[in-house]
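The structure presented is a predicted model; accordingly, all values stated were derived computationally and were not measured.
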Amino acid sequence: HLFSSFGGSSMNFHLELLKSGYRKELKRRTGRSLDILEIRRHELVIGRSPTWAPCRIRYSPAVGRMSICGPAGQYIGWADTLAAAIELLAHADTSQVLPENGLLNGKEPLQ
């Protein structure tokens with residue numbers, strides 16, 4: 001896989017969110033089901049309704065892509081853009097904790 005964005009300008013979530021109006025976009029696209037809880041340079045912490053448990057979108061400068069993890073650290077996927085990462089997170093089923101992660105939260109899915 002070619003690292004197309006490697007060596008280019010590094011992702012900075014503070015700047016990205018300021019210039020792009022992602023907060024409004026987040027509300028519009030996900031119907032208030034996601035909310036930004038914390039912003040760091042290379043990490044976004046996003047809560048998902050109904051529990052608002054923190055999920056993470058992390059930018060990996062070495063790879064030039066973002067990894068998305070659920071509230072119990074479940075691997076959700078990789079994305080090239082913040083919009084794609086938010087889309088993945090909005091539609092991911094995080095009620096299942098994948099056994100290969102070795103994480104068991106002992107809670108039944110809220111459905």
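Taking the six-membered ring for Trp and thresholds of 30 and 60 degrees, Phe13 and Tyr59 have ring planes more than 60 degrees apart, a perpendicular arrangement.
Within the 3.5 Å criterion, the main-chain N or O of His14 finds no donor-acceptor partner in the side chain of Glu16. A distance-only check finds no donor-acceptor pair linking the side chain of His42 to the backbone of Asn12 [under 3.5 Å].
Ion pairing between Arg40 and Glu38 holds under the 4.0 Å rule for side-chain N and carboxylate O.
Considering every non-hydrogen atom in both Cys69 and Ile76, the closest pair reads C-CD1, 3.8 Å. Nearest heavy-atom pair across Arg48 and Ala90 is NH1-O, 3.9 Å. Shown here for Pro71 and Cys55, the closest heavy-atom pair between the two residues is CD-SG, 3.5 Å.
How far CG of Leu44 is from CG of Leu17: 5.5 Å, rounded to the nearest 0.5 Å. With values rounded to the nearest 0.5 angstrom, Ile68 atom CD1 is found 6.0 Å from Ile57 atom CD1. Atom CG of residue Leu37 and atom CZ of residue Arg56 lie 9.0 Å apart, to the nearest 0.5 angstrom.
With sequence neighbours excluded, the residues satisfying side-chain contact (heavy atoms from CB on, under 4.5 Å) with Trp78 are Ser60, Val63, Arg65, Ser67, Tyr75.
Val45 and Ile39 fall into different hydrophobic clusters, where Ile, Leu, Val, Met, Phe, Trp and Tyr side chains are chained together by heavy-atom contacts under 4.5 Å.
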For the pair Met66 and Arg58, evaluate side chain to side chain contact (heavy atoms under 4.5 Å, CB included) and give the outcome as yes or no after the intermediate values. CA-CA 5 Å; Met66 287 161 246; Arg58 281 194 186 103; over 6 Å; no
What do the steps show when you test Ile46 against Leu89 for side chain to side chain contact (heavy atoms under 4.5 Å, CB included), and what is the final call? CA-CA 9 Å; Ile46 296 182; Leu89 183 58; 3.9 Å; yes
